[in-house]
There are 2 protein chains.
Amino acid sequence: MSNEFKDCLLPAELSQTGFSYTLSEISGKYKIEILYLLSIQGTRRFNEIKRTMGAISFKSLTNALQGLTNDHLITRHQFPEIPPHVEYQLSSRGKSLLPVLDAICLWGESHQPSAE
Amino acid sequence: MSNEFKDCLLPAELSQTGFSYTLSEISGKYKIEILYLLSIQGTRRFNEIKRTMGAISFKSLTNALQGLTNDHLITRHQFPEIPPHVEYQLSSRGKSLLPVLDAICLWGESHQPSAE
DNA sequence: CGGTATCCAAGAAGATACTG
DNA sequence: CAGTATCTTCTTGGATACCG
C-alpha cells in the first residue's frame, strides 16, 4: 500500500506529487461529474449532458467540456449537419480514470446516511 | 466492474448517487489535499499543515479543517496548554477514503507528463 | 499557537441575447 | 442544436488585525 506514513513531505512538495497532478485535471465544480456521467452513459450529446447535470448553465458546461477536451480526457465529435450534432465520450485517457471514479462512487454508496 | 453503460440515468438523478455524496464531502479547493497530506504524515499540527500546503491562508485552512471535522473525516485534538496545541489526524471514516486517495495518487503518478 | 472577525479582490457561475 | 458574447451576481479566498 502506498500510504505508509512518511515524515519527509516538505513544504510545497505536495504540489509535485502525482496526487496534485490528478487534481489539476479533474478539479472544478462539474468536471468529475461529467466524467462519471459519460462513464455510465457512454456517448452523449451536449444537451443530453446538460439535462442530466440538472442546474448547469450553457457556459459552465461549455467550459467544463472544453477543459476536459483540452486535457484529452474526453473526445468531441462534431457531425457536419444542420442542425449541429456534437457527441462527447470518454477518451482512452479518460477511461483510465475509471478506477478513480469507481472508488469515489463506492465510497459514497457505502457511506451516505440514507444508503438503501 | 460497476461501470457498464446504463442508459437509465435521468435528469437530476445524478445528484442522488453515492458519487455525488462523496463529492459533497471532499470537494473544495483544499479538502482532498489535506486528507492526502494527513494520510501520509499522520498526526499534524495546524501550522505544520499550513506550511506543507504552501500558499494557503489561515482562513482557508481553518475553513477546510472545520468542514472536514464536521463531516467526521478528521479528528481535532486540543491540548490544554499555553501556547495552544492542536493536532489533526484522519478519523476512521477518513481512513476509509484511502482507496479514493490512492486511486487519485496512482493515476497522477502514471499520467503526469514529467513522470520519471 | 491557533485561531476569529472584518474587509476586499478575484474568479466562478448564472442569465440573457445572439449566431452558424 | 450547440454553442459564443456580455453583463451581472455570488461565492472563495487573501490580507490584516486582534483574541484566548
Side-chain angles (χ1 to χ4, degrees), chain A residues 11-12 14-15 20 23-35 37-38 41-71 73-91, chain B residues 11-12 14-15 20 23-35 37-38 41-71 73-91:
Chain A
L14 186 61
S15 62
S20 293
L23 292 186
S24 71
E25 298 221 353
I26 64 176
S27 68
K29 195 171 180 180
Y30 302 113
K31 280 185 177 180
I32 309 188
E33 291 199 39
I34 293 171
L35 291 172
L37 171 69
L38 290 177
Q41 298 194 328
T43 301
R44 286 285 137 171
R45 298 177 64 165
F46 184 88
N47 274 315
E48 290 175 332
I49 298 173
K50 184 173 187 305
R51 273 190 297 274
T52 307
M53 296 287 293
I56 187 174
S57 65
F58 284 102
K59 181 182 156 189
S60 297
L61 181 55
T62 299
N63 283 346
L65 290 171
Q66 287 177 348
L68 292 169
T69 304
N70 288 339
D71 289 337
L73 293 174
I74 62 175
T75 58
R76 178 183 185 276
H77 182 46
Q78 180 165 3
F79 294 84
E81 300 174 4
I82 301 293
H85 178 167
V86 179
E87 289 183 350
Y88 295 91
Q89 60 179 317
L90 290 188
S91 67
Chain B
L14 186 62
S15 63
S20 292
L23 292 185
S24 71
E25 297 222 352
I26 65 177
S27 67
K29 195 170 180 179
Y30 303 111
K31 280 186 177 180
I32 309 188
E33 290 199 39
I34 293 171
L35 292 172
L37 171 69
L38 291 177
Q41 298 194 329
T43 301
R44 287 284 137 170
R45 298 177 62 166
F46 183 89
N47 274 314
E48 290 175 331
I49 298 173
K50 184 173 188 305
R51 274 191 296 273
T52 307
M53 295 289 292
I56 187 175
S57 65
F58 285 101
K59 180 183 157 187
S60 298
L61 181 55
T62 299
N63 283 346
L65 289 172
Q66 285 178 348
L68 292 169
T69 304
N70 288 339
D71 289 336
L73 293 174
I74 62 176
T75 58
R76 178 182 185 276
H77 182 44
Q78 180 166 2
F79 295 84
E81 300 174 6
I82 301 294
H85 179 169
V86 179
E87 289 184 350
Y88 295 92
Q89 60 180 318
L90 290 189
S91 66

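In what follows, chains carry the letters A, B, and so on, assigned in the order in which the sequence lines appear, proteins first and then strands, with residues in each chain numbered from 1.
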Self-check item: Rounded interatomic separation in angstrom, taking CG from A:Leu65 and P from D:dC1
Solution: 16 Å
Exercise. Considering non-hydrogen atoms only, spot the tightest contact between A:Ala55 and A:Tyr30 and give its length.
Key: O-OH, 3.9 Å
Practice problem: Give the minimum heavy-atom separation between B:Ser15 and B:Ser20, together with the two atoms involved. | Solution: CA-OG, 3.6 Å
Quiz item: When the distance from CD1 of B:Ile49 to P of C:dC1 is rounded to whole Å, what number comes out?
Solution: 15 Å
Quiz item: Which nucleotide, C:dG2, D:dT4, D:dA2, lies nearest any side-chain atom of B:Arg45?
Solution: C:dG2
Exercise. Locate the shortest heavy-atom distance separating B:Leu14 from A:Thr52; write the atom from each residue and the value.
Key: CB-O, 4.2 Å
Quiz item: With respect to B:Leu38, which candidate in B:Gln89, B:Glu33, B:Arg44 satisfies the side chain to side chain contact (heavy atoms under 4.5 Å, CB included) definition?
Solution: B:Arg44
Quiz item: Base, backbone or nothing for each nucleotide of nucleotides 13-20 of chain D, written B, S, -, heavy atoms under 4.0 angstrom, 5' to 3'?
Solution: BBB----B
Quiz item: Between the side chain of B:Lys31 and the main-chain N/O of B:Leu68, is any donor-acceptor distance below 3.5 Å?
Solution: no
Quiz item: Does A:Ser91 use its side chain to pair, donor to acceptor, with the backbone of A:Leu73 at less than 3.5 Å?
Solution: yes
Quiz prompt | Distance, rounded to the nearest Å, where B:Leu61 contributes CG and C:dG3 contributes C1' | solution = 10 Å
Quiz prompt | Integer-rounded Å distance: C:dG2 C1' and B:His77 NE2 | solution = 15 Å
Quiz item: Between B:Arg76 and C:dG3, does any side-chain N or O lie under 4.0 Å from OP1 or OP2?
Solution: yes
Quiz item: Nearest to the side chain of B:Tyr88 - C:dG2, C:dG3, D:dA2?
Solution: C:dG3
Quiz item: Over how many whole Å does the gap from A:Glu87 atom CD to D:dC1 atom P extend?
Solution: 14 Å
Practice problem: Take the protein atom CG of A:Asn47 and the nucleotide atom P of D:dC1, then report the distance between them rounded to whole Å. | Solution: 6 Å
Exercise. Give me the ring orientation class for B:Phe58 and B:Phe46: parallel if the planes are under 30° apart, tilted from 30 to 60°, perpendicular past 60°.
Key: parallel
Practice problem: Using atom NZ of A:Lys50 as one end and atom P of D:dT4 as the other, report the distance to the nearest whole Å. | Solution: 15 Å
Quiz item: Looking for any heavy atom pair under 4.0 Å, which part of the strands does B:Gln66 touch: base, sugar-phosphate only, or nothing?
Solution: sugar-phosphate
Self-check item: Between P of D:dA2 and CD of A:Glu48, the distance in whole Å
Solution: 8 Å
